[in-house]
2 protein chains.
Amino acid sequence: MDLENAKAQMRKGVLEMCVLAVIAGRETYPPEIIGKLEGTNVLVKEGTLYPLLIRLKNDGLVDYIWREGVKGPPRKYFTITENGRKFLEELTDSWKELVQAVNQTIEHNASTDVGEAFSTDPGAPRPLHIEPLPPDA
Amino acid sequence: MDLENAKAQMRKGVLEMCVLAVIAGRETYPPEIIGKLEGTNVLVKEGTLYPLLIRLKNDGLVDYIWREGVKGPPRKYFTITENGRKFLEELTDSWKELVQAVNQTIEHNASTDVGEAFSTDPGAPRPLHIEPLPPDA
DNA sequence: TTTAGTTCCTTGTATTGCATAATACTTTAT
DNA sequence: ATAAAGTATTATGCAATACAAGGAACTAAA
């Protein structure tokens, strides 16, 4: 079963927003971003994050400067831009709409109300003859 | 800017779950599925839905039978299987976890607390020298 | 019966974005 | 010098939907 795959697919669409949100919180650099997201159960790999950051940079949503740390090689510290903030707001709005829509779908259809399929719900399609055509066609 | 694109990307990961949820609600056929999802602001095209249904069928998560309607050509009515229900439960659990994680990320980083970047938060990385290396390197 | 129109289903190509994995570069420690 | 750790980069491949066009079954009207 590919539940893991499905979870990964769900993550995909929101990764950009999450990364942008983390950067919006305060200036930060890639390994720290990965750590923060891991903390909230959203896993990202380096090879996923760097290309994403480059895209955000090219779109003018984030910016970066090099800084030396107390240890190790210099780091690319990312900050969010004006446009980045605006875009993040739009993203989160869309996100909340989607969450609402999906929850509505899930909960509205959660029950096993099979009995109603052919009785109530006038607007529903009315299968007349009950049996199949050539099941192989 | 590609906000529409971003929204589409978000939809991608949850489409499978939504379609499964609709079918779980009661036996239904493709155009009706599209209508229901449109009703909750989740847009799907035929060319997207049919391949998805085939995949679900091949994975044993849904099944279908042909039925004649009062008008028009016969329809493929889809039902959810035992495995489909189990899988849907796992999907919704993952979905709820993801929503929680994302909301946490968004809200925790929502404020513009730039001032704290170099003062509080002891666990945070400490940029020591303030200025960049070769900004072009 | 032929034509047009609806409804439903199918298929192929393109695009997008992440996963995986390997690699290079910079500093620090031994 | 050499090894080790931390940081950044790149290449290849896969999964899933968007888009667009078309085909098949039925109905109704001329």
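Residue numbering restarts at 1 for every chain, and letters A, B, ... go by the order of the sequence lines. Since the model is a prediction, treat every value here as computed from it, not as a measurement.
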### Task
Decide if the gap between the ring center of A:Y29 and the ring center of A:Y77 is smaller than 6.0 angstrom.
yes
#### Entry: B:C18 versus A:V102, closest heavy-atom pair with distance
SG-CG2, 3.9 Å
#### Entry: Any side-chain heavy-atom pair of B:K76 and B:R67 under 4.5 Å
no
### Task
From the options C:dC8, D:dA8, C:dT10, select the nucleotide whose nearest atom is closest to the side chain of B:P31.
C:dC8
### Query
Which whole-number value in Å describes the distance from A:L15 CG to C:dT20 C1'?
15 Å
### Message
Expressed as a whole number of angstroms, how long is the span from A:R67:CZ to C:dT27:P?
### Response
17 Å
### Message
I'd like to know if A:E32 pairs up with A:R26 as an ion pair, taking the criterion as any Lys NZ or Arg NE/NH1/NH2 lying under 4.0 Å from an Asp or Glu carboxylate oxygen.
### Response
yes
### Rounded interatomic separation in angstrom, taking CD1 from B:I65 and C1' from C:dC9
17 Å
### Message
Using a 4.0 Å cut-off on heavy atoms, which residues in residues 5-12 of chain A reach DNA chain D? List them by number, or say none.
### Response
A:N5, A:Q9
### Strand contacts (DNA chain D) in residues 45-57 of chain A, 4.0 angstrom heavy-atom criterion
A:E46, A:G47, A:Y50, A:P51
### Message
Can you measure B:L43 atom CG to D:dA18 atom C1' for me and round it to whole angstrom units?
### Response
12 Å
### Message
What is the distance, to the nearest angstrom, from the CG atom on B:L20 to the P atom on D:dA16?
### Response
14 Å
### Working for side-chain contact (heavy atoms from CB on, under 4.5 Å), residues B:L91 and B:F87
CA-CA 6 Å; B:L91 278 181; B:F87 191 64; 3.6 Å; yes
### Task
Compare all side-chain heavy atoms of A:F78 with those of A:L56 and state whether any distance is below 4.5 angstrom.
no
### Query
Is the closest side-chain heavy-atom distance between A:D93 and A:E90 below 4.5 Å?
no
### Query
Do the non-hydrogen side-chain atoms of B:T105 and A:L37 ever get within less than 4.5 Å of each other?
yes
### Query
Just how far, in rounded Å, is P of D:dG6 from CZ of A:R75?
10 Å
### Summary
What one should report as the nearest heavy-atom pair of B:L53 and B:V62 is O-CG2, 4.2 Å
### Message
Nearest whole Å is fine: how far is D:dA15 C1' from B:E16 CD?
### Response
11 Å
### Query
Rounding to a whole Å, what distance do you find between A:K71:NZ and D:dA4:P?
16 Å
